[in-house]
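Protein chains get the first letters and strands the later ones, always in sequence-line order, with residue 1 at the start of each.
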There are 2 protein chains.
Amino acid sequence: MKTTTIYDVAKEAGVSIASVSNAINGKGNISKKKREEIFKVMERLQYQPSVIASALMGKKTFTLGLLIPDVSNPFFSEIARSVEDLAHHAGYSVIVCSTDNKDERVEKYIRLLEQKSVDGIIIGTGVENTEILLQLAEKSVPIIMIAREVSAMSVHSVLTDDFKGGSLAAQHLLKLGHSRMAVLSENFKVSSSVERVKGFKFALFEAGLAIEADDILSCESTIKDGKRAAAELIRRGNSPTALFCVNDMLAIGALQAAKEAGVRVPEELSVIGFDNTILSTVTNPMLTTIAQPMEQMVKLAFDLLISHSEQEDTIKQRIVMQPELIVRESTSKPKL
Amino acid sequence: MKTTTIYDVAKEAGVSIASVSNAINGKGNISKKKREEIFKVMERLQYQPSVIASALMGKKTFTLGLLIPDVSNPFFSEIARSVEDLAHHAGYSVIVCSTDNKDERVEKYIRLLEQKSVDGIIIGTGVENTEILLQLAEKSVPIIMIAREVSAMSVHSVLTDDFKGGSLAAQHLLKLGHSRMAVLSENFKVSSSVERVKGFKFALFEAGLAIEADDILSCESTIKDGKRAAAELIRRGNSPTALFCVNDMLAIGALQAAKEAGVRVPEELSVIGFDNTILSTVTNPMLTTIAQPMEQMVKLAFDLLISHSEQEDTIKQRIVMQPELIVRESTSKPKL
DNA sequence: CTGAAAGCGCTTACAG
DNA sequence: CTGAAAGCGCTTACAG
């Protein structure tokens with residue numbers, strides 16, 4: 001079926017295509033009468049302007065790219081939803097790109113998004129080879145980082161104070177009376193994880209405690225991996241009384257490992273997560289965790305991205321948000 | 001920064017833009033020498049063809065739309081990931097559209113997708129006013145329904161045998177020895193839910209049992225709603241020994257209600273869900289549920305959509321997949 | 001206030 | 001094998 005074009009409505013309305021275009025965009029001067037006439041015809045013909053064509057004329061595509069490690073991970077799917085809602089509200093659509101934290105995927109996706117002339121890219125994924133992003137930042141497409149950071153990058157970024165978040169976790173555990181703690185960390189290449197661990201250690205240090213290198217386990221970021229690592233920790237015996245997990249996935253793994261080993265949470269082992277994903281409300285016991293103000297972060301990021309695309313030369317901002325402790329059921333005083 | 005166009009590489013390579021285009025698309029005949037020359041120049045200039053421009057010439061946009069109720073719902077975010085992977089592999093990107101099962105959002109998104117000339121739309125969301133879809137089906141953009149159905153629609157669809165799924169749940173409970181059961185159903189407008197409940201009731205009927213109208217509760221599809229409905233059921237007293245929830249979200253709500261009321265699952269109340277989302281492995285007890293073969297379904301849907309876009313006239317297919325019972329910890333024999 | 005014309009970056013017959 | 005030219009559906013100066 002032939003789609004109706006601006007020519008069809010121009011002919012039907014007895015005007016030039018320029019007038020139709022002007023009517024649509026509220027540009028130029030058109031007599032009220034003609035405008036109304038044109039709108040009527042558009043309606044009757046069910047005319048839909050082609051954003052493809054108008055994009056080719058240098059207008060926006062009203063499409064945004066969102067790079068995240070994995071949409072099927074609740075933390076990121078929640079981000080995706082927030083982005084989508086804001087975008088939709090502003091007339092944009094969003095192309096979701098799951099990178100699995102693989103640089104090659106990042107690169108491939110970025111190239112794709114460039115070819116499609118997206119109006120901006122929101123990056124919520126880690127990148128090892130920061131060259132990729134630096135190059136991208138040089139180009140014309142506006143980008144912004146969210147919940148991730150690449151050092152010394154000249155791009156806007158909005159993130160949580162991960163160091164503070166780690167400290168918060170430690171302080172909570174400290175206050176409950178724990179002194180022997182362990183941590184499950186994601187792959188040390190993820191900057192946010194590193195910061196969280198640092199913050200955790202620092203708070204311990206301030207309290208006059210130290211954490212043994214042995215008690216900091218590194219693993220991938222899946223439930224399964226968290227479970228494996230936690231199981232190992234438990235098997236070792238002489239276990240800590242509390243476990244800080246750098247994200248909720250790992251914490252859930254830890255919960256499962258404890259359950260299998262017959263270790264009661266929180267009575268025998270307190271577990272604290274990070275991110276406050278929906279998962280943390282679903283476990284039993286429900287997970288104590290550190291929340292990032294994701295909705296606000298997404299809002300800030302989005303606004304920055306969109307306004308940025310208007311005024312090229314704004315100074316790159318780095319907005320840091322405050323994390324918050326959410327106490328639920330997985331932490332308590334250590335058993336004597 | 002001016003982006004480099006086909007003209008730039010043509011000039012640089014000393015050929016016409018037609019030759020560059022031919023080289024890129026492997027069309028026409030170009031001497032090997034010229035082709036290589038051209039590719040070298042493209043590389044050097046970091047030339048990226050504009051899909052916008054080529055789309056305007058009637059080529060594909062290599063963009064797909066995905067309509068689902070909510071990306072932040074694990075069931076759908078898993079679908080989104082599968083779709084994305086297949087799409088990416090085939091060179092497509094996907095625009096994710098969360099509809100909240102609202103017709104107005106469906107309409108708005110569809111219009112947006114049309115204006116962007118997507119190559120196809122995957123619909124995994126319910127629609128009340130089927131007119132919307134019927135109209136869409138008349139148009140040129142190929143569509144396919146997944147995990148949802150709109151009666152009498154002349155579109156491809158791939159779905160699970162929800163009736164069978166409901167029966168499976170009932171049979172499992174029956175076999176365990178339950179005779180007094182209740183069901184938590186989503187909004188009766190969702191076709192798949194209706195089928196599931198029907199299947200459940202039918203299996204009961206075959207076993208010579210009936211279910212009282214009172215014991216079939218309808219609610220929205222959130223954890224909170226499931227919790228509220230289940231709490232009501234429990235509060236009523238004279239409770240059933242088993243509860244079939246039409247999806248995992250509701251089942252989780254039921255688990256929470258039981259926990260709050262001090263009703264032990266599965267000892268005092270068996271709970272069975274539907275969808276086998278990641279959530280069902282995270283609860284404690286882990287959720288017995290009915291799985292849909294989502295990956296296969298997405299694969300079939302995707303292939304159908306893409307091939308469909310090539311050959312307009314294929315007969316509309318309706319592919320039905322078999323559900324599977326996944327027994328975990330939330331169901332057991334009823335306490336005497 | 002309105003329209004003819006050029007142009008966005010490509011692809012595709014069509015000559016040569 | 002190669003290039004000139006028309007055209008995809010728009011927008012935007014520029015005349016009138």
Side chain of [X] (C-beta onward), nearest among [options]:
X: B:Leu56; options: C:dT11, C:dC8, D:dC8; answer: D:dC8
X: A:Thr5; options: D:dG9, D:dG3, C:dC10; answer: D:dG9
X: A:Ser16; options: D:dC10, C:dT11, C:dG3; answer: C:dG3
X: B:Ala18; options: D:dA4, D:dC10, C:dA4; answer: D:dA4

[X] [atom1] to [N] [atom2]: how many Å, rounded?
X: A:Asn25; N: D:dA13; atom1: CG; atom2: P; result: 13 Å
X: B:Asp8; N: C:dG9; atom1: CG; atom2: P; result: 9 Å
X: B:Phe62; N: C:dT11; atom1: CZ; atom2: P; result: 11 Å
X: B:Ile17; N: D:dC8; atom1: CD1; atom2: C1'; result: 13 Å
X: B:Arg35; N: D:dT2; atom1: CZ; atom2: C1'; result: 14 Å
X: A:Lys60; N: C:dC8; atom1: NZ; atom2: C1'; result: 18 Å
X: B:Lys11; N: D:dA4; atom1: NZ; atom2: P; result: 14 Å

Exercise for the section: Evaluate the criterion side chain to side chain contact (heavy atoms under 4.5 Å, CB included) for residue pair B:Ile95 and B:Leu113; output intermediate values, then yes/no. Expected result: CA-CA 8 Å; B:Ile95 293 179; B:Leu113 293 173; 4.1 Å; yes
Practice task
May I ask you to say what B:Ile52 touches in the nucleic acid, namely base, sugar-phosphate or nothing, with a heavy-atom cut-off under 4.0 Å?
Solution key: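 Nothing: the residue B:Ile52, judged by heavy atoms under 4.0 Å, touches no strand.
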Exercise for the section: Just call it for B:Val15: base, sugar-phosphate, or nothing, with non-hydrogen atoms closer than 4.0 Å on any strand. Expected result: sugar-phosphate
Any side-chain donor near an acceptor of the partner, [X] and [Y], under 3.5 Å:
X: B:Thr99; Y: B:Thr125; value: yes
X: B:Asp70; Y: B:Ser72; value: yes
X: A:Asp119; Y: A:Thr63; value: no

Exercise for the section: Look at A:Asp100 together with B:Arg81 and state whether they make a salt bridge at an N to O cut-off of under 4.0 Å. Expected result: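 Salt bridge present between A:Asp100 and B:Arg81.
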Exercise for the section: Could you tell me whether B:Asp103 and B:Lys108 have a side-chain N and a carboxylate O separated by less than 4.0 Å? Expected result: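 Looking at B:Asp103 and B:Lys108, the cut-off is not met.
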Output yes when at least one side-chain N/O atom of [X] is less than 4.0 Å from OP1 or OP2 of [N], else no.
X: B:Ser21; N: C:dT12; value: no
X: B:Ser54; N: C:dC10; value: no
X: A:Asn22; N: D:dT11; value: no
X: B:Lys33; N: D:dC1; value: no
X: B:Lys59; N: C:dT12; value: yes

Handout entry: Watson-Crick or G-U pairs under 3.5 Å in DNA chain D, rendered as dot-bracket with [ ] for crossing pairs and | for another strand
Key = |||.||||||||.|||
Practice task
Check for a donor-acceptor pair, side chain of B:Lys116 on one end and backbone N or O of A:Phe62 on the other, with a separation under 3.5 Å.
Solution key: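 Such a contact is found between B:Lys116 side chain and A:Phe62 backbone.
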Practice task
Mind running a 4.0 Å heavy-atom check of residues 41-50 of chain B against DNA chain C and sending the residues that fall below it, in number order?
Solution key: B:Tyr47, B:Gln48, B:Pro49, B:Ser50
Handout entry: Side-chain donor/acceptor contact of A:Tyr7 with base of D:dC8 under 3.5 Å
Key = no
Practice task
Provide the closest heavy-atom pair for A:Gln292 versus A:Ala147 in the form atom of the first, atom of the second, distance.
Solution key: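 Looking at all heavy atoms of both residues, the closest pair is OE1-CB, 4.3 Å.
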Handout entry: Contact nearer the 5' end of DNA chain D, comparing B:Ser19 with B:Met57
Key = B:Ser19
Exercise for the section: Please identify each residue that fulfils ring pair (Phe, Tyr, Trp, His ring centres under 6.0 Å) with A:Tyr109, with sequence neighbours left out. Expected result: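 If we apply the ring pair (Phe, Tyr, Trp, His ring centres under 6.0 Å) test to A:Tyr109, skipping adjacent residues, the hits are B:His88.
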Handout entry: A:Ile79 and A:Phe76, any side-chain heavy atoms less than 4.5 Å apart
Key = yes
